[in-house]
2 protein chains.
Amino acid sequence: MMTLDPSSVSRPRERIIETASRLFFRQGYCSTGVNQIISESGVAKASFYTHFPSKEALALAWLRQREENWIQQFKERIEQHQSTDKRVAAMYTMWYDQIHEEGYRGCGFINMAGEFSNEKSPIRAFVREHKDRVRQIIANDVLNEYRPRLKSNDFDELVNAIYSLFDGAIIQTQNFMQDWPIDAALKTSLKILSSYRDKAI
Amino acid sequence: MMTLDPSSVSRPRERIIETASRLFFRQGYCSTGVNQIISESGVAKASFYTHFPSKEALALAWLRQREENWIQQFKERIEQHQSTDKRVAAMYTMWYDQIHEEGYRGCGFINMAGEFSNEKSPIRAFVREHKDRVRQIIANDVLNEYRPRLKSNDFDELVNAIYSLFDGAIIQTQNFMQDWPIDAALKTSLKILSSYRDKAI
DNA sequence: ATCACTGAACAGACAGGTCTGTCTGCTAAT
DNA sequence: ATTAGCAGACAGACCTGTCTGTTCAGTGAT
């Protein structure tokens, strides 16, 4: 029987993922040992390995959880606005909150993928899928107003443009630890958008 | 006395850096041990540590060398063309060559920075400086035609736009292991450029 | 109500390997 | 003889993953 335990936060599996979330994100995958995860989540090693067959499996579980939260939050922020301009601006609010926190680390998915050189690893595959979903949301939820008004090719171009600016801004913000790349990318996105506005078929 | 040895490639220090270059780039920093570097470069451990005080120092030396080559190549490709459009296109030729090589790994600087969570580490500082230099080159060598024709703010915006698209394309190309992000970013860059062309003061 | 039983989590030793960095001794060339 | 490099043992820490044994809450039967 599946108990809907309200104190699920204290269950070992959740504690492990919660700790891993913090450590993998802040320190990176390679620089975080299972021993640290175990001790900081107050769990026995045996318990750890009954819940997760390996460190990599935990990483994947973490990414899955993070993806769920991230996508949900992303969509929520977008759907709060009606105009395309405001929706584009809403995309970037995801980052504004994080940037000024101590030890900003950019996109957890990209950082994770960077530590796995084998492009066929499940981690890499998952991050690819995640980024694909983000692109889909940009096409279907952010820019949907433009789809019927543009030629199919033009619409794809627009999506790719907005998307490239978005990822570029994230990377540069992480690199410089300043928020001007986000402002710049947003400004440029709106400019591109307006240039497509007059381009209706 | 500094011998200008033509067989400098066989000198231990060069062999070490060459091997490190391959391994750090392909496997990442954390996943590459000094033992592997030592054995693959055919060098004694003691020799390694007489040339480099630590693994991190080697990484820094590698980045320095890579930066020199990269910037030089970047500038050369750009200066081969006169028109701004062609110069922007030339920026992207840096990647076209690498993409289809087995085990493409994107930008070595970004990947390296991703493995150092301490933003004050020398590695992170160096990558920041590198990316700043790239931005300077975009401003001074690629888009220089536009500087006198635009208001200062507009010019900065233009530089940031081209630059964000550039970094975004690199990341996405690495992620998807396909080259459409580069095509898309280039196309968008040219479009932005043309929108600024009519905007002369 | 007390019994034994079960399952989950705990604590931590352990194996076997890898990590960075140091040190000693040997060889060869200048 | 001095210097550079080679070979490789070694220290000490850390790594992932396994294993043994303990504690304890819940459950069903008596």
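Each chain gets a letter, A, B and so on, in the order the sequences are listed, and its residues count up from 1.
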Inset, instruction - Please state how far atom CZ in Phe48(B) lies from atom P in dA4(D), giving the value in whole angstrom units. - result: 18 Å

Inset, instruction - Using atom OH of Tyr49(A) as one end and atom P of dA9(C) as the other, report the distance to the nearest whole Å. - result: 17 Å

Residue pair [X] / [Y], side-chain donor-acceptor N/O under 3.5 Å:
X: Glu76(A); Y: Gln80(A); value: no
X: Ser117(A); Y: Gln27(B); value: no
X: Asp141(A); Y: Gln136(A); value: no

Inset, instruction - Please report the closest heavy-atom contact between Tyr196(A) and Asp154(A), naming both atoms and the distance. - result: CE2-O, 3.5 Å

Legend entry - Main-chain N/O of His81(B) paired to Arg87(B) side chain as donor or acceptor, under 3.5 Å: yes

Legend entry - Donor-acceptor pair, side chain of Glu119(B) and main chain of Gly103(A), under 3.5 angstrom: no

Show me, pair by pair, the donor-acceptor contacts under 3.5 angstrom made by side chains of residues 41-48 of chain B, not counting sequence neighbours?
{"from": "Ser41(B)", "atom 1": "OG", "to": "Ile37(B)", "atom 2": "O", "distance (Å)": "2.6"}
{"from": "Ser41(B)", "atom 1": "OG", "to": "Ile38(B)", "atom 2": "O", "distance (Å)": "3.4"}
{"from": "Lys45(B)", "atom 1": "NZ", "to": "Asn35(B)", "atom 2": "OD1", "distance (Å)": "2.8"}

Protein and nucleotides 6-14 of chain D: nitrogen or oxygen contacts under 3.5 angstrom:
{"from": "dC6(D)", "atom 1": "OP1", "to": "Arg15(B)", "atom 2": "NH2", "distance (Å)": "2.8"}
{"from": "dC6(D)", "atom 1": "OP1", "to": "Gly42(B)", "atom 2": "O", "distance (Å)": "3.4"}
{"from": "dC6(D)", "atom 1": "OP2", "to": "Ala44(B)", "atom 2": "N", "distance (Å)": "3.4"}
{"from": "dC6(D)", "atom 1": "OP2", "to": "Ser47(B)", "atom 2": "OG", "distance (Å)": "3.2"}

Legend entry - All ring-ring contact (aromatic ring centres under 6.0 Å, His included) counterparts of Phe155(B), not counting sequence neighbours: none

Legend entry - Members of residues 23-30 of chain B that approach DNA chain D, where some heavy atom sits under 4.0 Å away: none

Inset, instruction - Look at all strands and tell whether Ser54(B) reaches a base, only sugar-phosphate, or nothing, counting heavy atoms closer than 4.0 Å. - result: sugar-phosphate

Inset, instruction - Looking at every strand, decide which applies to Ser31(B) at a 4.0 Å heavy-atom threshold: base, sugar-phosphate, or nothing. - result: nothing

Inset, instruction - Would you indicate, yes or no, if dA9(C) has its OP1 or OP2 atom less than 4.0 angstrom from a side-chain nitrogen or oxygen of His51(A)? - result: yes

Inset, instruction - Scan residues 112-125 of chain B against DNA chain C and write down, sorted by residue number, each residue with any heavy atom closer than 4.0 Å; if none is found, say none. - result: none

Legend entry - Inter- and intrachain pairs under salt bridge (Lys or Arg N to Asp or Glu O under 4.0 Å), touching residues 21-37 of chain A, at least two apart: Arg22(A)-Glu40(A)

Legend entry - Salt-bridge criterion met for Asp97(A) and Arg77(A) (N-O under 4.0 Å): yes

